[in-house]
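In what follows, a structure is listed as structure tokens, so that the remarks can point back to it.
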2 protein chains.
Amino acid sequence: MATNKTHRVTMSDVARHAGVSRTTVSFVLNDKPGAAIPDETRRRILEAIDELGYRPNAGARALAANRSGWFGLITEIVTGPFAGEVITGAQSRAWGDRRFLLIAASEGDPAQEAAALDQMLEHRVEGLLYATTWHRAVTLPKAAREVPTVLVNCYDAEGELPCILPDEVSGGYKATRRLLDAGHTRIGFINLDPAIPAAIGRREGYERALREAGITPDPALVIPGWATADSAYTAACELLDRPAGDRPTALFCGNDRMAMGAYDAIKERGLRIPHDVAVVGFDNQELIAAYLRPKLTTLALPFEAMGTKGVDMLAALAAGQPLDTHRVTIDCPLLERSSV
Amino acid sequence: MATNKTHRVTMSDVARHAGVSRTTVSFVLNDKPGAAIPDETRRRILEAIDELGYRPNAGARALAANRSGWFGLITEIVTGPFAGEVITGAQSRAWGDRRFLLIAASEGDPAQEAAALDQMLEHRVEGLLYATTWHRAVTLPKAAREVPTVLVNCYDAEGELPCILPDEVSGGYKATRRLLDAGHTRIGFINLDPAIPAAIGRREGYERALREAGITPDPALVIPGWATADSAYTAACELLDRPAGDRPTALFCGNDRMAMGAYDAIKERGLRIPHDVAVVGFDNQELIAAYLRPKLTTLALPFEAMGTKGVDMLAALAAGQPLDTHRVTIDCPLLERSSV
DNA sequence: ACAAGGAAGTAACGCGCGTTATTAAAGCGC
DNA sequence: GCGCTTTAATAACGCGCGTTACTTCCTTGT
């Protein structure tokens with residue numbers, strides 16, 4: 001017969017074993033300011049804790065202190081590399097603050113999302129992080145209003161909630177600038193779906209960099225596409241098959257998968273990377289960027305930093321402090337590898 | 001001044017509002033068997049719950065019921081695609097059972113791992129899932145013995161803990177069999193580090209399939225390597241540069257990144273996939289397999305299934321039931337795409 | 001008319017802990 | 001010796017809820 005009631009060691013057990021009251025044990029555990037505990041007593045208590053293998057019950061503590069210590073993190077999909085980075089960043093920061101992350105994946109299903117939110121509220125999360133896979137607008141279930149919420153990689157259409165976004169413009173600028181610095185003047189841009197924020201921002205950065213270098217952006221060099229290798233392959237073929245003087249010597253791709261497609265088009269033509277055509281990607285999907293041959297120079301989406309920043313903001317909100325900035329953008333670092 | 005004490009609605013509030021006792025509310029909430037609640041009363045209570053926006057406090061409930069509802073999940077790295085799948089699988093199963101997953105990433109750091117474990121025990125997890133990125137032996141901190149534990153994608157050297165592993169042998173068999181069925185008889189095998197379980201198991205399956213087809217395995221066709229595209233590129237070059245009759249017409253690669261390297265070697269030689277050389281990968285890293293050109297036929301590691309199975313086993317253990325199998329292996333499904 | 005039994009509901013305890021108010025002892029100046 | 005402060009420690013309440021034991025009222029059958 002298995003003991004169903006896992007009778008664990010409680011604070012009272014520790015108190016008895018140390019010959020003090022439970023209150024005293026609580027005081028040394030939380031080393032309460034103002035409580036005068038002589039070293040000898042403290043030592044006895046710590047010893048008892050050690051001997052009995054006592055562990056505080058986080059749930060009971062939360063109940064008594066009226067402070068759950070939980071932050072919630074809702075993501076769409078946890079399978080991709082992005083959510084993982086957000087989790088990593090958020091988790092590391094949260095743990096440092098002795099808080100914990102309650103993670104849930106909605107799988108893009110509103111019902112699951114609502115259920116997850118309910119669960120989080122029942123667990124009395126003190127704040128909520130809502131992260132998406134790609135930069136876009138979202139509308140949250142209204143239950144999210146019950147608790148401080150910060151959006152990660154997305155924003156609400158009403159602009160009411162604080163959000164953390166990648167700096168797409170600066171990203172596009174830095175990619176283009178890197179190619180300009182390498183001597184390229186005709187730079188093709190195989191963009192994402194031109195309707196999404198990432199595509200708009202990066203194009204703005206791309207054009208700004210060109211103008212700064214005294215080059216008038218040529219719309220013919222910008223090809224909108226979808227986020228697939230095939231789409232980028234087609235686009236790259238179109239750009240590379242232009243007459244010699246018209247052909248770009250560098251390609252800036254909307255993401256690393258698209259860079260994969262571009263690589264194929266370049267290699268098929270017997271051109272060499274980066275000698276004949278330089279390539280810059282976006283997203284830094286390690287699995288791709290670090291294993292393409294040659295390795296891909298690309299910009300990283302700062303998911304981990306966004307995660308930590310999100311927890312920071314949440315902590316401030318949960319403490320009742322006002323936010324200095326409602327809308328935070330975070331820089332996308334350029335990762336130099338071998339394709340430029 | 002923000003109200004720091006988030007005075008939320010409690011069960012007593014609901015009771016008062018519905019004109020009944022708190023006990024009665026508790027009874028309808030848990031629809032306690034044996035409690036006779038007339039429909040009218042039940043309706044009034046549910047109405048009060050709705051009007052007041054009451055949400056049960058999960059922490060308090062756990063404390064009173066002496067049942068936390070938590071399962072812990074410790075992974076090494078949450079950034080890769082694998083951990084995400086385990087989480088997805090475990091989460092979906094756990095939520096169906098009204099349990100929740102407390103997730104922590106150790107980042108491969110024993111100190112963090114121990115800290116995570118402590119936190120989980122303080123939260124009174126009823127079971128622990130310990131998952132690794134790659135199939136191997138592990139030794140757990142001894143604190144893990146305090147709670148039912150199931151290993152995912154790894155096993156303990158002592159063989160004491162229940163574990164869930166991918167069926168490497170069957171995976172190697174199916175990959176090879178697929179190539180044999182396509183008419184190939186000389187099949188190169190660019191393996192992982194030959195010391196790890198995945199490499200050993202898959203090679204066993206590879207050779208079994210060959211023998212079943214009446215082919216004596218040729219050790220010269222098996223090249224051990226490391227899990228990188230470069231390593232596989234070199235190996236593929238060696239195999240493909242052999243004299244015509246000796247050259248393999250198909251390559252079975254230890255993972256998808258390695259298949260990427262093999263693709264390069266094949267394409268460089270003007271050979272076509274799958275017409276001249278067929279390729280099968282392993283791991284089904286979507287980012288690679290689905291975007292290589294042509295798309296890669298590969299075997300999937302059943303991480304999601306391993307996650308759900310893990311929760312199943314944990315639930316059984318937590319309920320005090322004995323396990324039917326101590327060591328579970330799960331099949332690796334073959335994903336047909338276009339490289340064979 | 002009355003006991004028996006069920007239906008409807010409640011008071012009260014405990015889960016493990018944080019916290020406040022209070023007590024008991026010890027130190028100190030005079 | 002007496003008041004007074006400081007030190008050391010505790011009793012007791014409440015956090016929000018599950019649960020047991022108990023009470024009250026309403027049916028039935030005879």
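Predicted model only: the values in this text are computed from it and were never measured. In the text below, chain A, chain B and the rest are named by the order of the sequence lines, each starting its count at 1. Just the heavy atoms: all of them, side chains too, but no hydrogens, waters or symmetry mates, feed the values below.
Two end axes, each from the C1' atoms of five base pairs, can be drawn for the helix from C:dA1-D:dT30 to C:dC30-D:dG1; they diverge by 50°, to 10 degrees.
Atom CG in A:Leu151 sits 9.0 Å away from atom CG in A:Leu128 (nearest 0.5 Å).
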Give each protein N/O atom lying under 3.5 Å from an N/O atom of nucleotides 22-29 of chain C, with the pair distance.
none

What nitrogen or oxygen pairs link the protein and nucleotides 23-26 of chain D at under 3.5 Å?
none

Donor-acceptor pairs are to be reported for all side-chain atoms of residues 77-92 of chain A against protein atoms at under 3.5 Å, with residues two or more places apart or in another chain.
from    : atom 1 : to      : atom 2 : distance (Å)
A:Thr88 : OG1    : A:Gly84 : O      : 2.8
A:Gln91 : OE1    : A:Trp95 : NE1    : 3.0
A:Ser92 : OG     : A:Thr88 : O      : 3.4
A:Ser92 : OG     : A:Gly89 : O      : 3.0

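Using modelled atom types, one side-chain atom of B:Thr149 and one backbone atom of B:Val147 make a donor-acceptor pair closer than 3.5 Å. At distances below 3.5 Å, not a single donor-acceptor pair connects side-chain atoms of B:Asn153 with backbone N or O atoms of B:Ala131.
For B:Arg22 against D:dG18, a side-chain-to-base donor-acceptor contact under 3.5 Å is present.
Applying the salt bridge (charged side-chain N to carboxylate O under 4.0 Å, His left out) rule to pairs touching residues 88-97 of chain B yields B:Arg93-B:Asp312, sequence neighbours excluded. Listed by first and then second residue, the salt bridge (charged side-chain N to carboxylate O under 4.0 Å, His left out) pairs that reach into residues 29-42 of chain A are A:Glu40-A:Arg43, A:Glu40-A:Arg44, sequence neighbours excluded. Counting only residues at least two apart or on different chains, the salt bridge (charged side-chain N to carboxylate O under 4.0 Å, His left out) pairs with a member in residues 49-62 of chain B are A:Asp118-B:Arg55, A:Glu146-B:Arg55. Residue pairs meeting the salt bridge (charged side-chain N to carboxylate O under 4.0 Å, His left out) criterion with at least one partner in residues 65-76 of chain B, sequence neighbours excluded, are B:Glu76-B:Arg136.
Look at CD on A:Glu122: it is 11 Å from P on D:dG18, rounded to the nearest Å. For the pair B:His123 NE2 and C:dG16 C1', the computed distance is 14 Å after rounding to whole Å.
Residues satisfying the ring pair (Phe, Tyr, Trp, His ring centres under 6.0 Å) test with A:His17, not counting sequence neighbours, are none. With sequence neighbours left out, A:Gln321 forms a side-chain contact (heavy atoms from CB on, under 4.5 Å) with A:Ala316, A:Ala319.
If you check residues 34-50 of chain B against DNA chain C, the residues with a heavy atom closer than 4.0 Å are B:Ala36, B:Pro38, B:Thr41, listed by number. Within residues 23-31 of chain A, the residues having any heavy atom closer than 4.0 Å to DNA chain C are, in order of number, A:Thr23, A:Ser26, A:Phe27, A:Asn30.
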